[in-house]
Amino acid sequence: MASRAVIRDAVSSDVESYVKWGLDEGWNMSQDVPTYFASYPKGWLIAQIGDVVVGKLYSTCYPSGMGHIGYVMVVKEWRGKGVGTALLRHVLDNHLATCSLGVGLYSALENLPFYQTLGFQVEQKAFRMSRPTALDDAKLSQRKECVDVAVQAMNPDTDLEKIAQFDAATSGAYRPGFWAQFNEGRTNYVAVLVVESGGEILGLGAHRSLTNSTRVGPIYAKSAAIAEAVLLKLLSQVDGGGVVTLDTFSNNTEAVQMYEKHGFTITPDTYLLRHPSGNQTMQGHPSSLNSQTIFAITSLDFN
Ligand SMILES: CC(C)(COP(=O)(O)OP(=O)(O)OC[C@H]1O[C@@H](n2cnc3c(N)ncnc32)[C@H](O)[C@@H]1OP(=O)(O)O)[C@@H](O)C(=O)NCCC(=O)NCCS
């Protein structure tokens with residue numbers, strides 16, 4: 001059904017409602033949404049019928065040519081009337097039309113048919129894994145797996161460009177603005193690095209507070225041992241009493257085994273979908289090639 005919705009760019013006063021709508025949907029929202037909007041304001045879209053906001057999404061085309069869509073939401077009474085399709089078509093035809101690496105998004109199983117109708121294909125299946133925190137997690141950084149590898153806090157003054165390059169080589173997303181937020185002290189992220197003596201980054205990890213848990217991700221590492229050291233260092237820095245969650249690709253068996261070893265269990269699956277750009281195939285995408293070095297995903301966005 002064709003929608004009568006008019007699509008416009010979001011402005012900063014629209015942004016708080018992304019968090020509210022997401023919480024109403026039962027999503028585990030980041031409180032950093034306004035910060036992300038300030039970093040990449042282009043591509044956040046509002047669907048309106050008359051004065052009433054009936055749908056919204058955010059999108060980004062990172063400078064490396066990789067697009068991402070998230071927070072696709074239509075108000076309940078307007079679902080099934082073409083608003084979601086209008087929003088997706090608009091963003092794919094306009095803001096994301098030149099993303100040479102295609103456009104990714106994460107979807108729950110029940111929404112796959114909606115996105116597949118729009119031309120998205122399943123690229124990877126991901127497991128969401130979770131674990132309660134414990135008071136003695138602070139001691140995890142003393143474990144041999146962590147001590148053997150020199151995990152250090154990220155230094156925003158010197159490491160940012162190197163991190164952005166490592167991120168781009170692993171995930172396909174060159175997003176210096178995302179990492180620069182550490183420098184500006186405007187997010188609740190903690191980030192750690194493993195760097196060899198020559199200065200090459202061997203591993204990278206971060207965690208941040210969401211509404212209902214601490215989310216670990218990304219963890220990118222050149223080996224499972226490095227990923228484990230990064231994980232333990234991150235867990236040692238999380239306050240006790242809550243839950244830690246993360247997403248990891250189901251085909252990275254080393255990652256899944258490592259998380260199970262440290263008490264994580266699998267909760268419902270999510271799927272990484274991709275809308276290929278032009279005549280590109282999904283197999284050419286860096287995240288397909290490097291999934292064995294991706295131990296925890298950040299959904300390139302905020303949830
Ligand atoms: C998913 C969502 C954005 C779709 O928006 P929408 O405006 O309802 O979608 P449309 O009306 O454009 O739907 C287009 C078609 O897809 C179908 N469709 C929509 N959601 C579907 C779903 N979850 N499963 C199967 N089909 C679906 C519609 O029935 C319609 O089919 P038709 O053309 O044969 O009638 C909306 O249902 C929503 O906000 N859901 C809750 C939030 C959410 O889960 N967002 C997705 C995050 S990944």
Side-chain angles (χ1 to χ4, degrees), residues 1-10 14-30 32-33 36-37 43-50 52-61 66-96 99 102-128 173 210-213 215 217 245-250 267-276 282 287 297-303:
M1 187 197 304
S3 158
R4 291 183 287 118
V6 172
I7 314 290
R8 65 164 173 86
D9 291 337
D14 291 310
V15 171
E16 278 303 327
S17 68
Y18 278 77
V19 179
K20 184 180 175 325
W21 283 31
L23 290 174
D24 289 348
E25 235 14 89
W27 295 348
N28 189 7
M29 297 295 287
S30 165
D32 290 332
V33 175
Y36 291 110
F37 176 76
W44 296 61
L45 298 183
I46 300 289
Q48 228 170 284
I49 295 183
V52 181
V53 174
V54 292
K56 57 187 64 173
L57 58 72
Y58 105 90
S59 72
T60 299
C61 191
M66 181 167 171
H68 189 257
I69 296 175
Y71 295 156
V72 183
M73 296 179 267
V74 173
V75 290
K76 283 201 175 75
E77 51 272 34
W78 282 95
R79 287 180 193 166
K81 295 185 166 70
V83 174
T85 300
L87 273 166
L88 265 296
R89 290 233 163 94
H90 185 95
V91 81
L92 289 167
D93 290 348
N94 294 281
H95 301 74
L96 304 178
C99 293
V103 177
L105 65 77
Y106 287 88
S107 170
L109 182 62
E110 66 266 22
N111 290 326
L112 288 183
F114 169 68
Y115 291 117
Q116 283 167 331
T117 304
L118 286 157
F120 286 85
Q121 299 167 44
V122 174
E123 177 172 298
Q124 297 264 8
K125 182 174 163 180
F127 291 142
R128 177 146 299 173
L210 303 187
T211 308
N212 303 319
S213 72
R215 174 64 50 82
T245 52
L246 57 84
D247 294 322
T248 191
F249 290 132
S250 59
T267 60
D269 308 338
T270 54
Y271 293 82
L272 172 59
L273 308 185
R274 189 159 304 279
H275 194 290
M282 295 192 301
S287 73
I297 312 160
T298 181
S299 24
L300 300 188
D301 63 321
F302 336 119
N303 52 53

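Note that ligands are numbered from 1 as they come in the structure, with each ligand's atoms numbered from 1 the same way.
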d(I46 CD1, I7 CD1) to nearest 0.5 Å is 9.5 Å
Any N/O pair [X]/ligand 1 closer than 3.5 Å:
| X | result |
| --- | --- |
| T85 | yes |
| A86 | no |
| V72 | yes |
| G80 | yes |

| said: For a side-chain contact (heavy atoms from CB on, under 4.5 Å) check, start with the C-alpha distance between V75 and W21, then their side-chain angles and the critical distance, and finish with the verdict. | reply: CA-CA 9 Å; V75 290; W21 283 31; 3.3 Å; yes
**Request:** Mark yes or no for whether Y18, through its side chain, and L57, through its backbone, hold a donor-acceptor pair below 3.5 Å.
**Result:**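 Confirmed, Y18 side chain pairs with L57 backbone.
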Heavy-atom contacts under 4.0 Å between [X] and ligand 1: side chain, backbone, both, or neither?
| X | value |
| --- | --- |
| Y71 | neither |
| Y115 | side chain |
| E25 | side chain |

Side chains of [X] and [Y]: closer than 4.5 Å at any heavy-atom pair?
| X | Y | result |
| --- | --- | --- |
| S17 | K56 | yes |
| D247 | Y106 | no |
| V54 | K81 | no |
| L246 | F127 | no |

For [X], counting its heavy atoms only, list the atoms of ligand 1 lying under 4.0 Å from any of them.
| X | result |
| --- | --- |
| G82 | 10 (P), 11 (O), 12 (O) |
| V83 | 7 (O), 12 (O) |
| W27 | 42 (C), 43 (C), 44 (O), 45 (N), 47 (C) |

Measure from [atom] to every heavy atom in [options] and give the option owning the shortest one.
| atom | options | result |
| --- | --- | --- |
| atom 40 (N) of ligand 1 | R79, Q116, M73 | R79 |
| atom 7 (O) of ligand 1 | G22, A5, G70, G84 | G84 |
| atom 2 (C) of ligand 1 | W21, F114, Y106 | F114 |

- Message: What verdict does the side-chain contact (heavy atoms from CB on, under 4.5 Å) test give for L105 and H275, after you've listed the backbone C-alpha separation in whole Å, the side-chain angles of each residue and the deciding distance to 0.1 Å?
- Response: CA-CA 9 Å; L105 65 77; H275 194 290; over 6 Å; no
Exercise. Determine, using heavy atoms of N111 and all atoms of ligand 1, whether some pair is separated by less than 4.0 Å.
Key: yes
(message) Would Y71 and M29 count as a side-chain contact (heavy atoms from CB on, under 4.5 Å) here? Give the steps.
(response) CA-CA 10 Å; Y71 295 156; M29 297 295 287; 3.5 Å; yes
